[in-house]
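These notes are about the structure you will find just below.
These numbers come from a predicted model, not from an experiment. Values reported hereafter were calculated over all heavy atoms of this structure, with side chains retained and with hydrogens, waters and symmetry mates removed.
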Amino acid sequence: MPVPDLDFTLSPCTGWTRAHWEHQAERMLEAVRRYATPGQALIHLPGPASASGRHSDGLEGYARTFLLAAFRIAGAQGAGDTGALCERYAEGLAAGTDPASAERWPRMSQCNQAKVEAASIALGLHETRAWIWDRLDAAVQGQVVDWLAEMIAAPVPDNNWVWFQAIVEAFLRSVGGPWRPADIEHTLARTEAWYAGSGWYSDGADTPAPYRNFDHYSGWALQLYPLWYCRISGDLAEPGLAERYRDRLRGYLTDLQYLVGADGAPLHQGRSLAYRYAAAAPFWSGQLFDAQALSPGLTRRAASGMLRHFTDRGSLDADGLLSLGWYTAHPQLRQSYSGPASPYWASKAFAGLLLPADHPAWAAVEQPLPVERGDFLRTLHAPGWIASGTVADGIVRIANHGTDHADRGDVSGHAYDPFYCRWAYSTASGPELGGPGPVADGQGTTRPATPDLDLPGGGPLDSHVALVDAEGRPSHRRPLHRLTVDGPAAASRHQARWPRPAGPRQHESAAGPWLTTGSVLRGPWEVRAVRVDGDPGETRLRIGGWTLAHDLAPTAELTDSQVSTQTTEGLQARVVALHGPLVAGIRTSSGRTSYGAHAATGYLETRRPPRPGEVHIAAVALGRALTPAPTALVRGDTEVRIRWPTGCQVSA
């Protein structure tokens with residue numbers, strides 16, 4: 001399959017066209033073919049099994065690649081080489097739903113994960129109806145209906161999973177199969193309960209507003225499935241539902257465009273990051289579902305930028321397979337539900353192929369992203385983030401004062417997830433991670449690793465604020481309490497806790513004083529102020545900067561009051577003490593981030609316990625063209641004035 005020529009006339013930012021998307025889809029589908037069972041029903045990709053087991057993983061291999069095949073088939077209207085794809089996946093459908101087949105799929109009543117995969121199969125069957133479903137004989141259609149029907153009235157987790165049920169039942173209804181109105185009503189009601197405004201959804205969690213569960217699932221699940229439900233349902237969709245969801249998608253996309261780096265990288269935050277360019281799915285959804293908040297040229301620029309970003313950095317291995325990782329394989333990124341085929345939810349990114357070749361999203365000239373047009377500060381109220389983008393290096397950073405993925409009253413000994421609770425995330429770096437994914441709990445089952453507890457010292461350092469106890473263990477943040485989010489400033493507070501490793505017997509974490517932290521952003525810099533409220537005991541305060549990682553070890557310069565690190569490609573990080581008795585330090589590690597084998601993190605730490613009410617201030621920066629650090633003036637315990645080198649002053 002020859003790689004198409006780049007076209008910088010139509011696509012001046014990426015050079016990519018529809019032909020590149022079709023080539024990538026074909027390359028990915030061809031690579032998995034040799035791992036299919038003889039009847040094509042299961043695709044057993046190499047790699048460690050998920051917590052659901054190898055049988056479930058084989059179904060996942062079929063379902064998630066079928067979604068990709070469906071977009072390719074429907075986009076080509078079943079023409080050309082896609083006929084072979086139709087035959088291949090139709091054969092697998094017949095074998096997988098045949099209870100007597102050696103390749104039969106796990107039943108949803110036996111395997112929860114099958115409910116996830118059923119939604120991809122239903123969606124794919126809807127889009128390829130004319131080329132696959134309508135050509136199945138009646139007996140196979142009956143088998144498929146019987147297998148999917150186990151979703152009716154089935155219990156599902158109280159999060160984005162409710163939409164798997166709605167999608168499956170919408171398809172069943174469309175082919176004259178059974179369905180249950182109460183399941184649809186439940187899905188719609190729960191979705192309304194999670195709506196956080198500005199187009200954003202919190203992905204479940206039993207917490208009162210303001211919600212705290214925000215990540216890419218808001219776009220690649222909770223924006224995607226509701227409108228696809230309406231597409232499958234047609235005139236049977238509830239009155240006004242499609243327009244409600246379109247309006248929300250428009251609001252979401254208006255924010256989302258500010259979270260993509262100039263190199264095409266999405267924000268490195270949240271779970272399931274191995275899905276990678278699935279983050280492009282909501283951009284295509286805006287065009288596909290007539291919710292055009294963004295121009296067609298900007299839509300393709302964002303989506304093609306993401307796909308090219310990962311392709312250029314080795315996301316497909318030598319055999320053409322998507323590995324479990326961000327770029328190349330990275331075991332620490334795995335979660336308990338991650339199997340070898342899990343990354344193929346990246347297939348959602350290819351929804352744009354459903355748009356005809358002459359659609360403006362494919363035919364319009366690419367337009368630059370916000371971060372390519374100029375520096376910006378953007379308040380994202382729903383997730384509690386302040387975003388800062390800089391045109392000089394194309395990097396987007398966020399200060400996080402609203403997201404921690406905690407449930408109501410979450411004060412257990414569980415370490416929080418490093419992909420939610422850091423004070424800052426970006427499109428150019430990621431947190432240090434601990435253990436390599438799920439581990440046995442000694443009771444015959446598996447549990448997710450507690451990656452922050454597995455880090456040196458028993459806790460996080462990068463983009464973190466902590467009290468460090470006498471044993472050298474840093475405190476954790478969850479649950480956080482949002483105070484204000486109004487760019488350029490945001491603030492939150494939390495009670496310091498020292499979680500214990502998870503195990504068969506869980507204990508509540510030890511609790512300490514409250515920490516109030518505030519952030520003020522400008523360009524590549526964040527000024528981070530911290531106040532300890534209460535008796536800190538024999539602890540020290542620590543403020544962590546950004547982690548830099550590369551295949552070659554970053555260089556470092558260290559003084560008493562600041563530390564600077566730099567990769568061989570010119571990415572820099574800096575942390576500078578502005579107020580309080582803070583002393584600089586640096587920690588190096590290997591294999592703990594998605595961005596390179598060697599990492600370095602600068603930090604500041606007090607040499608004595610902080611006094612109650614005492615304010616400590618640091619400036620942290622990430623970028624390729626760092627401006628001089630700001631200064632800070634503190635009056636009393638509450639008034640902070642920040643002065644930037646340009647002369648601009650901000651009170652916080």
Between [atom1] of [X] and [atom2] of [Y], what distance do you get to the nearest 0.5 Å?
{"X": "Trp525", "Y": "Thr390", "atom1": "CH2", "atom2": "OG1", "answer": "12.5 Å"}
{"X": "Ser315", "Y": "Arg276", "atom1": "OG", "atom2": "CZ", "answer": "5.5 Å"}
{"X": "Leu333", "Y": "Leu273", "atom1": "CG", "atom2": "CG", "answer": "5.5 Å"}
{"X": "Arg378", "Y": "Leu259", "atom1": "CZ", "atom2": "CG", "answer": "9.5 Å"}
{"X": "Leu571", "Y": "His550", "atom1": "CG", "atom2": "NE2", "answer": "9.5 Å"}
{"X": "Asp263", "Y": "Asp312", "atom1": "CG", "atom2": "CG", "answer": "10.0 Å"}

Original post:
Any cation-pi pair here, Arg397 with Tyr425, using under 6.0 Å and within 45°?
Top reply: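 Arg397 over Tyr425 ring: no.
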
Using a strict cut-off of less than 4.0 Å between a Lys/Arg side-chain nitrogen and an Asp/Glu carboxylate oxygen, indicate whether [X] and [Y] qualify as a salt bridge.
{"X": "Asp404", "Y": "Arg477", "answer": "no"}
{"X": "Glu538", "Y": "Arg608", "answer": "no"}
{"X": "Arg271", "Y": "Asp417", "answer": "no"}

Check for a donor-acceptor pair, side chain of [X] on one end and backbone N or O of [Y] on the other, with a separation under 3.5 Å.
{"X": "His476", "Y": "Pro460", "value": "no"}
{"X": "Asn213", "Y": "Ser202", "value": "no"}
{"X": "Gln495", "Y": "Gly512", "value": "yes"}
{"X": "Ser426", "Y": "Ser429", "value": "yes"}
{"X": "Thr14", "Y": "Ser304", "value": "no"}
{"X": "Arg373", "Y": "Val371", "value": "no"}
{"X": "Ser342", "Y": "Gly339", "value": "yes"}
{"X": "Asp393", "Y": "Arg624", "value": "yes"}
{"X": "Arg531", "Y": "Val615", "value": "no"}
{"X": "Asp255", "Y": "Gln257", "value": "no"}

Subject >> Residue pair Leu582, Thr606: steps toward the side chain to side chain contact (heavy atoms under 4.5 Å, CB included) verdict >> reply: CA-CA 5 Å; Leu582 295 164; Thr606 62; 3.7 Å; yes

Do [X] and [Y] touch side chain to side chain, with heavy atoms closer than 4.5 Å?
{"X": "Leu256", "Y": "Pro282", "answer": "yes"}
{"X": "Thr427", "Y": "Val260", "answer": "no"}
{"X": "Thr516", "Y": "Val532", "answer": "no"}
{"X": "Pro536", "Y": "Pro612", "answer": "yes"}
{"X": "Cys648", "Y": "Arg522", "answer": "yes"}
{"X": "His494", "Y": "Leu515", "answer": "yes"}
{"X": "Val396", "Y": "Tyr258", "answer": "no"}
{"X": "His405", "Y": "Arg212", "answer": "no"}

Original post:
Ring centres of His481 and Trp514 under 6.0 Å apart?
Top reply: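 So the answer is yes for these two rings.
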
Original post:
So, do His401 and Trp385 have ring centers that fall under 6.0 Å from each other?
Top reply: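 Ring centres of Trp385 and His401 not closer than 6.0 Å.
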
Hey, are [Y] and [X] close enough side-chain-wise for a donor-acceptor pair under 3.5 Å?
{"X": "Gln572", "Y": "Ser564", "result": "no"}
{"X": "Asn160", "Y": "Asp203", "result": "yes"}
{"X": "Trp423", "Y": "Ser519", "result": "no"}
{"X": "Thr631", "Y": "Arg643", "result": "no"}
{"X": "Thr403", "Y": "Tyr211", "result": "no"}
{"X": "Thr547", "Y": "Thr601", "result": "yes"}
{"X": "His330", "Y": "Ser594", "result": "yes"}

Original post:
Checking side-chain hydrogen bond (donor to acceptor under 3.5 Å, both in side chains) for the pair Arg334/Gln332: CA distance, chi angles, key distance, verdict?
Top reply: CA-CA 5 Å; Arg334 285 188 65 221; Gln332 285 88 343; over 6 Å; no

With under 30° as parallel and over 60° as perpendicular, where do the rings of [X] and [Y] fit, or are they tilted in between?
{"X": "Phe214", "Y": "Trp200", "value": "perpendicular"}
{"X": "Tyr275", "Y": "Trp220", "value": "tilted"}
{"X": "His309", "Y": "Tyr327", "value": "tilted"}
{"X": "Tyr595", "Y": "Trp326", "value": "tilted"}

Can you name the closest pair of heavy atoms from [X] and [Y] and give their distance?
{"X": "Pro581", "Y": "Glu614", "value": "CD-OE2, 3.9 Å"}
{"X": "Ala553", "Y": "His598", "value": "CA-CB, 3.6 Å"}
{"X": "Pro266", "Y": "Ala279", "value": "CB-CB, 4.1 Å"}

Subject >> Stepwise side chain to side chain contact (heavy atoms under 4.5 Å, CB included) check, Thr311 with Trp16 >> reply: CA-CA 12 Å; Thr311 301; Trp16 277 40; 3.9 Å; yes

**OP:** Check step by step if side-chain hydrogen bond (donor to acceptor under 3.5 Å, both in side chains) holds for Glu432 and Ser589.
**Re:** CA-CA 9 Å; Glu432 286 191 293; Ser589 64; 2.4 Å; yes

Subject >> Flag if over 12 foreign heavy atoms under 6.0 Å of CZ, Arg611 >> reply: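 Count not over threshold, so no.
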
**OP:** Begin with the C-alpha distance, continue with both residues' side-chain angles, and end with the deciding distance and a verdict on side-chain hydrogen bond (donor to acceptor under 3.5 Å, both in side chains) for Ser272 and Tyr217.
**Re:** CA-CA 9 Å; Ser272 301; Tyr217 276 83; 2.7 Å; yes

Original post:
Among Val465, Ile617, Leu521, Leu604, whose side chain to side chain contact (heavy atoms under 4.5 Å, CB included) with Arg528 holds?
Top reply: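 Single side chain to side chain contact (heavy atoms under 4.5 Å, CB included) partner of Arg528 among Val465, Ile617, Leu521, Leu604: Val465.
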
**OP:** Mind running side chain to side chain contact (heavy atoms under 4.5 Å, CB included) on Arg497 and Ser475 for me, showing each step along the way?
**Re:** CA-CA 5 Å; Arg497 298 184 183 278; Ser475 63; 5.9 Å; no

Original post:
How far apart are the C-alpha atoms of Trp546 and Ser463, what are their side-chain angles, what is the distance that settles it, and do they pass the side-chain hydrogen bond (donor to acceptor under 3.5 Å, both in side chains) test?
Top reply: CA-CA 5 Å; Trp546 294 95; Ser463 296; 5.2 Å; no

**OP:** Go through the steps to decide whether Ser198 and Leu380 satisfy the test side chain to side chain contact (heavy atoms under 4.5 Å, CB included), and finish with yes or no.
**Re:** CA-CA 8 Å; Ser198 302; Leu380 291 85; over 6 Å; no

